[in-house]
Amino acid sequence: MKTTKELDQKINEFPGELSKLAKLLMDDIQGGNLSNNQIEERIRQEIKELVLEDVKE
């Protein structure tokens, strides 16, 4: 799967950590490194961490 310029632009507009996470996930998807379940689990874990960090502040 190749990303389009439009998708890359939208990802670059995400706030710092989300942009970095999205880029890492896109790399994993493109490289076929993770199964769909592994990608979903990674997304859930990252969301959980972001919410916990937000609650602490």
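Scope of the values below: all heavy atoms of this structure, side chains included, with no hydrogens, waters or symmetry mates. Numbers here simply count residues along the sequence, with the first being 1.
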Quiz prompt | Beyond-backbone contact of Arg42 with Asp28, side-chain heavy atoms, under 4.5 angstrom | solution =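 They are in contact (side-chain heavy atoms under 4.5 Å apart), so the answer is yes.
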
Quiz item: Given side chains that start at C-beta, do those of Asp8 and Met26 come closer than 4.5 Å, heavy atoms only?
Solution: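 Side-chain contact under 4.5 Å: no.
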
Quiz item: Are Gln9 and Glu13 close enough that a side-chain donor and a side-chain acceptor fall under 3.5 Å?
Solution: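 Side-chain D/A pair, Gln9 to Glu13: absent.
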
Quiz item: So which heavy atom on Ile11 is nearest to which on Ser19, and how close?
Solution: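 Reported closest heavy-atom pair: O-OG, 3.1 Å.
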
Quiz item: Is Leu24 reachable from Leu34 through a run of hydrophobic residues whose side-chain heavy atoms are each under 4.5 Å from the next?
Solution: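 Different hydrophobic clusters.
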
Quiz item: Does Glu6 CD have over 12 foreign heavy atoms under 6.0 Å away?
Solution: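 Open.
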
Practice problem: Count the heavy atoms belonging to other residues, nucleotides or ligands that lie under 6.0 Å from CG of Asn12, then report whether that count exceeds 12. | Solution: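 Yes, CG of Asn12 has more than 12 neighbouring heavy atoms, counting only those of other groups under 6.0 Å.
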
Quiz item: Is Glu46 reaching over with its side chain to a backbone N or O of Ile43, donor-acceptor style, under 3.5 angstrom?
Solution: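 Absent.
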
To the nearest 0.5 angstrom, please state how far the [atom1] atom of [X] sits from the [atom2] atom of [Y].
X     : Y     : atom1 : atom2 : result
Gln38 : Leu25 : CD    : CG    : 12.0 Å
Lys48 : Leu50 : NZ    : CG    : 12.5 Å
Ile47 : Leu52 : CD1   : CG    : 12.0 Å
Glu40 : Asn37 : CD    : CG    : 5.5 Å

